[in-house]
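Below you'll find the structure, written out as structure tokens, and then a few comments.
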Number of protein chains: 2
Amino acid sequence: MIERQQVGRPRSEQARAAILHAVDDLVVESGYGAVTLKGIAERAGVSRQTIYRWWSTKAEILLEASAIDARQELQVPAHETPAEDVVAYLDALLAFLSTSDAGTAYRALVGEAQHDAKVAELLRDTDPVGQSAAEVIERALPGHEMRLPEATAELVGPVFFWVLSGRDPAELDTGRLAAAFLRNGPGVSRATAARRRGR
Amino acid sequence: MIERQQVGRPRSEQARAAILHAVDDLVVESGYGAVTLKGIAERAGVSRQTIYRWWSTKAEILLEASAIDARQELQVPAHETPAEDVVAYLDALLAFLSTSDAGTAYRALVGEAQHDAKVAELLRDTDPVGQSAAEVIERALPGHEMRLPEATAELVGPVFFWVLSGRDPAELDTGRLAAAFLRNGPGVSRATAARRRGR
DNA sequence: CTTTTACGAGACACTATGTATTGAAATTAG
DNA sequence: CTAATTTCAATACATAGTGTCTCGTAAAAG
């Protein structure tokens, strides 16, 4: 924590929260396209100037509004076997991307990133999907012999593509995907890895 | 071909081409975000009304403008082995998504589809990436025992995620991805499949 | 009480949107 | 040739969002 701003009226936490909630609500209600800074300000009961003071784009606000929820929803409890871990994660990822409010926000951000370099950078810095996937891989498959970036893409990619290309989430067989990922993934079994760590 | 419009002034093919080219140029020059219908009209030397008559959104025009190029760039010549085929396809896909003009348009469309249901439907009907991937799988791995939708997602997904999440295309090891895909993919070898067809 | 910073309210110029109107051009049917 | 039909360019219009600015007020520190 850095001590900044010793003097002057402190930032209104109420206004901040109202803005973030307003964005969340508006995106879910009317979709990202219909969200405007004007609308956010009115909904939050806040002056537009107040928004511009702290954020410069819709995307920035949306990222801040959804980041916490995103992390939480992509956090899966540890399971006994790597297979269970991976399936649970893929299910969570599918639910996040296709049904969750935070997921809606995330997809909107990915969309914006395709034609807005600032958003792309913003998203690269704090990408909840990529990070959560990397964590799961490290946890479920310690001692694996994959390159982590590629492994992350292999794990996340299929679900990511499925949802973002508009396919029906209900028709995706995550078990199949998990099996495929595990088949080519770990160069060593979990037991082997445990033995290695024991030595 | 359906015979429509027997009477009246025919649609100007010149205007149509000018509009499509203008969109192409503008997207490449200034990015999708900066493209406006007004700008397209001015660039193409065309009335705005003429655009509205034939298309209803930027996305529609862009799809029409890039669809042909997209198909062409994702078309890879057949190779000797499945491995070569798959690697060649993944390289083409990576180049398409990350460097090609048509790929830029495609990514923009995928982005729009995340907050525009019309675009999503439009893209679902004519998705050059999904279709080309399915073709490659059927060609390179006849007799495979995968469900085609999941297999398509497994093949395309990692590259798709890599690029759309803003990772550096130069750092992606497509050979590794291809190997992983092939390892879990074909239930039968190409030779076996050929034998089967022969019977 | 003074200084500093944040706030709400509202005005401003600018730009894009989507629709409508008008008159000219290009084509077919009779 | 004429009438009907359809497209076209040009232009105007109301609506709405953008980003910046100003003003008077509120809340904190010294």
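All figures in this text were calculated on a predicted structure; none of them were measured in a lab. The basis for the numbers below is simple: all heavy atoms, side chains too, and nothing from hydrogens, waters or symmetry mates. Lettering follows sequence order; numbering is per chain, from 1.
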Subject >> Heavy atoms of other groups near A:Gln72 CD, more than 12 under 6.0 Å >> reply: no
Subject >> Length of the CD-P vector between A:Glu42 and D:dA16, whole Å >> reply: 11 Å
Subject >> A:Arg48 (side chain) and C:dG8 (base): donor-acceptor pair under 3.5 Å >> reply: no
Original post:
Is the backbone of A:Pro77 close enough, under 3.5 Å, to the side chain of A:His79 for a donor and an acceptor to pair up by distance?
Top reply: yes
Subject >> Within residues 55-66 of chain A: residues closer than 4.0 Å to DNA chain D (heavy atoms) >> reply: none
Subject >> Nucleotide C:dC12, atom P - distance to OH of A:Tyr52 in whole Å >> reply: 18 Å
Original post:
Centres of the B:Phe96 and B:Tyr106 rings: under 6.0 Å?
Top reply: yes
Subject >> Gap between atoms CZ and C1', on B:Arg53 and C:dG18 respectively (whole Å) >> reply: 15 Å
**OP:** Enumerate the residues from residues 14-24 of chain B whose closest heavy atom to DNA chain D is under 4.0 Å, giving them by residue number; use none for an empty result.
**Re:** none
Subject >> More than 12 heavy atoms of other groups within 6.0 Å of B:Gln14 CD >> reply: no
**OP:** Kindly state which residues belonging to residues 27-35 of chain B come within less than 4.0 angstrom of DNA chain D, counting heavy atoms of the residue only, listed by number.
**Re:** none
Would you list the atom pairs, donor with acceptor, under 3.5 Å between side chains in residues 41-49 of chain B and any protein atom, with sequence neighbours excluded?
{"residue": "B:Arg43", "atom": "NH1", "partner": "B:Glu29", "partner atom": "OE1", "Å": "3.3"}
{"residue": "B:Arg43", "atom": "NH2", "partner": "B:Glu29", "partner atom": "OE2", "Å": "2.7"}
{"residue": "B:Ser47", "atom": "OG", "partner": "B:Gln49", "partner atom": "N", "Å": "3.3"}

**OP:** Look at the side chain of B:Lys58 and the backbone N and O of B:Leu37, then say whether any donor-acceptor pair between them is shorter than 3.5 Å.
**Re:** no
**OP:** Name all residues meeting the side chain to side chain donor-acceptor pair (under 3.5 Å) criterion together with A:Gln131; count only those two or more places apart in sequence or in a different chain, and write none if there are none.
**Re:** A:Arg71
**OP:** May I ask you to evaluate whether A:Arg11 reaches the phosphate of C:dC7, defined as a side-chain N or O under 4.0 Å from OP1 or OP2?
**Re:** no
**OP:** Using modelled atom types only, decide if a donor and an acceptor are shared between the side chain of B:Thr104 and the backbone of B:Ser100 within a distance under 3.5 Å.
**Re:** yes
Original post:
Does the cation-pi check pass for B:Arg16 over B:Trp54, that is, NZ or CZ under 6.0 Å from the six-membered ring centre and within 45° of its axis?
Top reply: no
Subject >> Residue pairs, two or more places apart or on separate chains, that pass salt bridge (charged side-chain N to carboxylate O under 4.0 Å, His left out) and touch residues 168-177 of chain A >> reply: A:Asp173-A:Arg176
Can you give me the N/O atom pairs linking the protein to nucleotides 20-22 of chain C at distances under 3.5 Å, or say none if there are none?
{"residue": "C:dA20", "atom": "N7", "partner": "B:Gln49", "partner atom": "NE2", "Å": "3.1"}
{"residue": "C:dA20", "atom": "N6", "partner": "B:Gln49", "partner atom": "NE2", "Å": "2.9"}

**OP:** Work out which heavy atom in B:Gly175 is nearest to a heavy atom in B:Val87; give both atom names and the distance.
**Re:** CA-CG2, 4.5 Å
Original post:
What is the distance from NZ of B:Lys38 to C1' of D:dG17, rounded to the nearest Å?
Top reply: 14 Å
Subject >> B:Ile51 CD1 - D:dA10 P separation (whole Å) >> reply: 12 Å
**OP:** Indicate whether any N or O donor in one side chain lies under 3.5 Å from an N or O acceptor in the other, for A:Glu135 and A:Ser132.
**Re:** no
Original post:
Which residue, A:Gly39 or B:Thr50, contacts DNA chain D at a nucleotide closer to its 5' end, judged by nearest heavy atom?
Top reply: B:Thr50
Original post:
Any salt bridge (charged side-chain N to carboxylate O under 4.0 Å, His left out) pairs touching residues 155-167 of chain A, not counting sequence neighbours?
Top reply: A:Arg167-B:Asp127
**OP:** Give the rounded distance in Å between these two atoms: CG of A:Leu37 and P of D:dA16.
**Re:** 17 Å
Original post:
Who are the side chain to side chain donor-acceptor pair (under 3.5 Å) partners of B:Arg147, not counting sequence neighbours?
Top reply: B:Glu150
Original post:
According to a strict under-4.0 Å criterion, is B:Trp54 in side-chain N/O contact with OP1 or OP2 of D:dT6?
Top reply: no
At a cut-off of 3.5 Å, list every protein nitrogen or oxygen paired with a nitrogen or oxygen from nucleotides 23-30 of chain D, distance to 0.1 Å.
{"residue": "D:dA26", "atom": "N3", "partner": "A:Arg9", "partner atom": "NH1", "Å": "3.3"}

**OP:** Apply side chain to side chain donor-acceptor pair (under 3.5 Å) to A:Arg124 and list each qualifying residue two or more places apart in sequence or on a separate chain.
**Re:** none
Subject >> Pairs where residues 95-109 of chain A contributes a residue and the test salt bridge (charged side-chain N to carboxylate O under 4.0 Å, His left out) is met, not counting sequence neighbours >> reply: none
